[in-house]
There are 2 protein chains.
Amino acid sequence: MATGRTHRPATRSRGIPEATVARLPLYLRALTALSERSVPTVSSEELAAAAGVNSAKLRKDFSYLGSYGTRGVGYDVEYLVYQISRELGLTQDWPVVIVGMGNLGAALANYGGFASRGFRIAALIDADAHLAGRLIAGLPVRHADELEDIVEDNQVSIGVITTPAGAAQEVCDRLVAAGVTSILNFAPTVLTVPDGVDVRKVDLSIELQILAFHEQRKAGEELSEAVDSVTPPVAAKTVRGGIKRPGSDGDLPAVMPA
Amino acid sequence: MATGRTHRPATRSRGIPEATVARLPLYLRALTALSERSVPTVSSEELAAAAGVNSAKLRKDFSYLGSYGTRGVGYDVEYLVYQISRELGLTQDWPVVIVGMGNLGAALANYGGFASRGFRIAALIDADAHLAGRLIAGLPVRHADELEDIVEDNQVSIGVITTPAGAAQEVCDRLVAAGVTSILNFAPTVLTVPDGVDVRKVDLSIELQILAFHEQRKAGEELSEAVDSVTPPVAAKTVRGGIKRPGSDGDLPAVMPA
DNA sequence: ATGTCTTTGTGAACGCGTGCACAAAGATGG
DNA sequence: CCATCTTTGTGCACGCGTTCACAAAGACAT
Ligand SMILES: NC(=O)c1ccc[n+]([C@@H]2O[C@H](COP(=O)([O-])OP(=O)(O)OC[C@H]3O[C@@H](n4cnc5c(N)ncnc54)[C@H](O)[C@@H]3O)[C@@H](O)[C@H]2O)c1
Ligand SMILES: NC(=O)c1ccc[n+]([C@@H]2O[C@H](COP(=O)([O-])OP(=O)(O)OC[C@H]3O[C@@H](n4cnc5c(N)ncnc54)[C@H](O)[C@@H]3O)[C@@H](O)[C@H]2O)c1
């Protein structure tokens, strides 16, 4: 879904479906919560409810990892936590670098959720010489010149990009060249990477736009008119929830093609 | 993908596939860039490359919006920008509230990418009385007590939750009760919402764990041994990229079920 | 006007993901 | 040891999304 290339048949060997992999962290979180409450076992039904998924789907997901359940009883919480952690590679710790220590980068650096899983911030990097040396979340910001050395010295294989969009591809290229093979990109750009490098993106703006689409649809359905002619330069009227429109709507060109 | 319930046949009427909706913002971004460079038209091939998708997929996506292309030429950039904006509901502005003004909330408030699309921050909300009145990104933080009033007065239909996980469901419930019907959740929790309310989540931790999974797989493939017996308490050795393991790995129970 | 060349729009095939429904496994009680 | 009851593991069918491949549409030159 977010991998750079089309990715052959997803994961080949003992292929765990990509959709399943994406849900494992969800299960793990729910299981960890149960573990903290010293709950010994859970049924697929209970766990599925906690994770917000269908119970059959959950059972099928677990079946890809092997058969760790006991019929008539359910799953052993501790054992499942261990198995999923191992499958996700969380039994080792992953050094991570964050590049671009602005608003977002700083927020991520201060986020405790990193270390609680197997991730460790190896370094914070920024191109701004003014920031170099400053402490963020107890770590000194390193200058971008050192990027390659940092990645190699710390065996970093995961990089987080929180630079402006314009710098993202260049930063990405340098990370990859230095040995990083997984990138989490917060900049609103499409990153091009060689085969074998995974890219996942988090794009706030896109999420909001998707919500806006559904929001508009909900509003449109309410006053469901057949007003969707082919030439509707002024379609939306007083859509519920949203303020009508900015005073003058003339700033949108609305150029017709021919 | 992130809607609360199973959602009947996605979007019923002139149903644009959910997968297509999720790509429209991507196209829009690429088109906006072209527009700024005053490029008059693009072929599906060029635009697809810019957006990082397959060109056939792009054409099919556009076909759901109607036929806006000209064979032999391509698509009119300005016109397409307008059509997609309209389809996404970006021709009106959407007032948004952000609840939880900690590290992440503050970063989002300072993010310029909101306003550049049709989103306007109507208010910043926090439960901490100490924060109330403080300015963040030029806006005063309002106390959580005012949440309902703010949502109603500003006709807010989109809410962003950046509180700790423990408070997220309660905040969500209050937002929904006040009239919010779309929620973007950054807290690592599964939110339960009534039908008709859309929830999308952004979970950094999950993204990293998915990357870790693939990272581990890449490393495992390199030294592809058939060491995947059913009882591998000590499987991973010196996995490339990651530091071996935290000194003692004894903190993981590894409890066997029976 | 006609031919050529480019590019769209879409029919059709395929593969993945989802969820139902049920047989088998195993626990538990008598 | 047997009967009953719970819950897993999975076969199967269905629907969505992706991609190929190509006919048709239209621009453009002559
Ligand atoms: N802030 C948010 O809430 C938010 C939300 C969604 C997306 N984003 C995206 O995340 C990125 C960062 O956002 P931000 O608000 O933190 O921006 P910012 O301007 O506050 O921070 C960007 C930082 O990157 C550094 N930088 C620039 N070029 C660099 C380079 N080549 N190498 C290393 N560092 C470099 C800058 O010095 C700056 O410190 C942007 O692409 C933005 O679009 C931000
Ligand atoms: N910081 C990150 O980079 C990051 C990354 C991923 C996820 N998250 C998640 O985002 C959320 C916020 O993270 P953060 O680092 O900003 O935390 P934070 O502790 O810095 O901020 C949380 C804020 O929420 C406020 N709050 C608490 N209860 C509230 C309530 N009931 N109503 C309104 N406001 C309330 C607190 O006063 C505080 O200001 C957390 O759930 C975290 O797990 C953060």
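Since the structure is predicted, the reported quantities are computational estimates derived from the model, not experimental observations.
Of the side-chain N and O atoms in A:Ser63, none sit less than 4.0 angstrom from OP1 or OP2 of D:dG9. Put simply, A:Lys57 has a side-chain N or O that comes within less than 4.0 Å of OP1 or OP2 on C:dG19. Distances shorter than 4.0 Å separate some side-chain N or O of A:Arg23 from OP1 or OP2 on C:dT18. Residue A:Tyr64 places no side-chain N or O under 4.0 Å from the OP1 or OP2 atom of C:dC16. In this structure, A:Asn54 reaches the C:dC20 phosphate: one of its side-chain N or O atoms is under 4.0 Å from OP1 or OP2.
One N or O donor and one acceptor, one from the side chain of B:Arg71 and one from the base of D:dA24, sit under 3.5 Å apart. Residue side chain B:Lys60 does not reach the base of D:dT18 through any donor-acceptor N/O pair under 3.5 Å, judged by distance alone.
No contact: A:Phe62 has no heavy atom under 4.0 Å from any strand.
With distances taken from any side-chain atom of A:Ala56 to the nucleotides C:dG17, C:dA21, C:dG11, the minimum falls on C:dA21. When distances are taken from the side chain of B:Ser43 to each of D:dT8, C:dT7, C:dA27, the shortest belongs to C:dT7.
Between the side chain of A:Arg29 and the main chain of B:Pro188, a donor-acceptor pair closer than 3.5 Å is present.
Using cut-offs of 30° and 60° for the angle between ring planes, the B:Tyr111 and B:Phe114 rings count as perpendicular.
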List the atom pairs, donor and acceptor, that lie under 3.5 Å between side-chain atoms in residues 163-172 of chain B and the rest of the protein, sequence neighbours left out.
residue: B:Gln169; atom: OE1; partner: B:Thr192; partner atom: N; Å: 2.9
residue: B:Gln169; atom: NE2; partner: B:Asp173; partner atom: OD1; Å: 2.8
residue: B:Gln169; atom: NE2; partner: B:Thr192; partner atom: O; Å: 3.0

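Regarding A:Glu45, its CD atom lies at a distance of 10 Å from the P atom of C:dC20, rounded to whole Å. With rounding to whole Å, A:Leu65 atom CG is found 13 Å from D:dG9 atom C1'. Atom pair B:Leu58:CG and D:dT19:P shows a separation of 12 Å (rounding to whole Å applied). The interatomic distance linking A:Asp61 (CG) with D:dT8 (C1') rounds to 14 Å, in whole Å. Between the CD atom of B:Glu46 and the C1' atom of C:dT8 there is a distance of 14 Å, given to the nearest Å. Note: CZ (B:Arg59) to C1' (D:dG17) measures 16 Å, nearest angstrom. Atom CD1 in B:Ile16 sits roughly 15 Å away from atom P in D:dC16 (whole-Å rounding). Between the P atom of D:dT6 and the CG atom of A:Leu47 lies a distance of 20 Å, rounded to the nearest Å.
Note: A:Tyr68 and A:Phe62 fail the aromatic proximity criterion, with ring centroids not under 6.0 Å apart.
Checking A:Thr32 against A:Glu36 by side-chain atom types alone, no donor-acceptor pair falls below 3.5 Å.
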